[in-house]
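Since this is a predicted model, take the numbers as computed values, not measurements. Just so we're on the same page: letters track the sequence lines, and every chain starts at 1.
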Number of protein chains: 2
Amino acid sequence: MLSQKSRYAIRALQHLADRYGQGVVPLAEIVAAQNIPAKFLTVILSELGREGLVRSQRGRVGGYALIPAPTEVRIGDVIRLMRGSIALVPCASRDPHEHCEHCLPEAECRLRALMLRVRDETARILDAVTLADGNLALVADKP
Amino acid sequence: MLSQKSRYAIRALQHLADRYGQGVVPLAEIVAAQNIPAKFLTVILSELGREGLVRSQRGRVGGYALIPAPTEVRIGDVIRLMRGSIALVPCASRDPHEHCEHCLPEAECRLRALMLRVRDETARILDAVTLADGNLALVADKP
DNA sequence: TTAATTCCTATCGTATCGATAGGCAATAAA
DNA sequence: TTTATTGCCTATCGATACGATAGGAATTAA
């Protein structure tokens, strides 16, 4: 499962992508439009700021803005950022990963072999979609 | 992420599938071969028994055995059994599902649209592999 | 009877998760 | 310069889920 935090992050970034190039968007607007708890969202946006995805402006007309062009931010990247990995099990990450506890040697684990395939398919989908894609269901699905 | 419990369940079932038709397999054998905490495994196998996947025999030469033929048990089914769903977000399940908290109406949620596609691809892979498949990585991958 | 084995329920410690509190810092407008 | 507005940071909280174990009852073959 994706954490609630990851989902909020993606939806907030989608909102900022829709306003890309229009200056900063106040927190309250995102909160109202996306139905996300305000305080929690500040934590999430600060984190995204530290990762370089979002810039912020304080004060009277403050708010947040997406830094990269929406076409440059893949949903897969956002999930990796928030969750660390796209894989369903620790040992099935393509990045340097922890071993699963109480498992067999990775080379012998049938479950791992399967989960690697799931990971690759998932990554293929999530890395083909960016924040610029409005209706994500309609994006071309070409391997 | 798959829970540890789900992973143990799959690996235990794979082990029983390998011994299919050879009578019951004692817990200790599964524990030794699969490196799973014994007490925890009894809980898992009891649950799988209640779901009709496993039968058990008590007493001196007791143990567990898979009930359906290994070819009839899809990994996707096992995961649905243990975790309730294959989807990465609650609202992206194809079965009757809960709504996500603090979200938009489902029809408007771009994230949901994407996650439905991920779910379908994942299900396609996991439902094409059964407990009978030895090296899961080599199963044909034909849409 | 005895040893081996599974079954059931309760419980435990920990980690994570979602969320909020509360105060500090910055900024623009009055 | 004052003030209202807005974001920033750290700590913390309550709830829940998770992984695992304890302890004993029930079953069965030797």
Quiz item: Where the side chain of B:Y8 is defined as all heavy atoms beyond and including C-beta, which of D:dA20, C:dT20, D:dC9 is the nearest nucleotide?
Solution: D:dA20
Exercise. Please say whether more than 12 non-hydrogen atoms of neighbouring residues, nucleotides or ligands are located less than 6.0 Å from CD in A:E101.
Key: no
Quiz item: Nearest 0.5 Å, what's the CE-CG distance between A:M82 and A:L13?
Solution: 8.5 Å
Quiz item: Which whole-number value in Å describes the distance from B:Q4 CD to C:dT16 P?
Solution: 14 Å
Self-check item: Between P of D:dG7 and CD of A:E29, the distance in whole Å
Solution: 11 Å
Quiz item: If you measure only the distance, is there a donor-acceptor pair under 3.5 Å linking the side chains of A:Q34 and B:H102?
Solution: no
Quiz prompt | B:E47 CD - C:dT6 P separation (whole Å) | solution = 17 Å
Taking only N/O atoms, report every protein-nucleotides 23-30 of chain C pair under 3.5 Å with atom names and distance.
from	atom 1	to	atom 2	distance (Å)
C:dA25	O4'	A:R58	NH1	3.3
C:dA25	N3	A:R58	NH1	3.3
C:dT27	O2	A:R60	N	3.2
C:dA29	O4'	A:R60	NH1	3.3

Practice problem: Can you measure from CG (A:L88) to CZ (A:R112) and round to the nearest 0.5 angstrom? | Solution: 13.5 Å
Quiz item: Looking at the side chain of A:P26, which of C:dA19, D:dG7, C:dT6 is the nearest nucleotide?
Solution: D:dG7
Quiz item: Looking at A:T42, does any N or O in its side chain come under 4.0 Å of the phosphate oxygens OP1/OP2 on D:dC9?
Solution: no
Without placing hydrogens or testing angles, list every side-chain donor-acceptor pair under 3.5 Å for residues 63-71 of chain A, not counting sequence neighbours.
none

Exercise. May I ask you to check whether over 12 heavy atoms, not counting those of B:Q22, lie within 6.0 Å of atom CD?
Key: yes
Quiz item: Contact class for B:L27 vs. all strands (heavy atom < 4.0 Å): base, sugar-phosphate, or nothing?
Solution: sugar-phosphate
Quiz item: For A:R50 and D:dG7, what is the distance between atoms CZ and C1' respectively, to the nearest whole Å?
Solution: 13 Å
Self-check item: Between D:dT12 (C1') and A:F40 (CZ): distance, integer Å
Solution: 14 Å
Quiz item: Out of D:dA20, C:dA19, C:dC8, which has the shortest distance to the side chain of A:H102?
Solution: D:dA20
Quiz prompt | Touch class at under 4.0 angstrom, heavy-atom based, for A:G49 against every strand present | solution = nothing
Self-check item: Polar side-chain atom of B:S46 near backbone of B:T42 as donor-acceptor pair, under 3.5 Å
Solution: yes
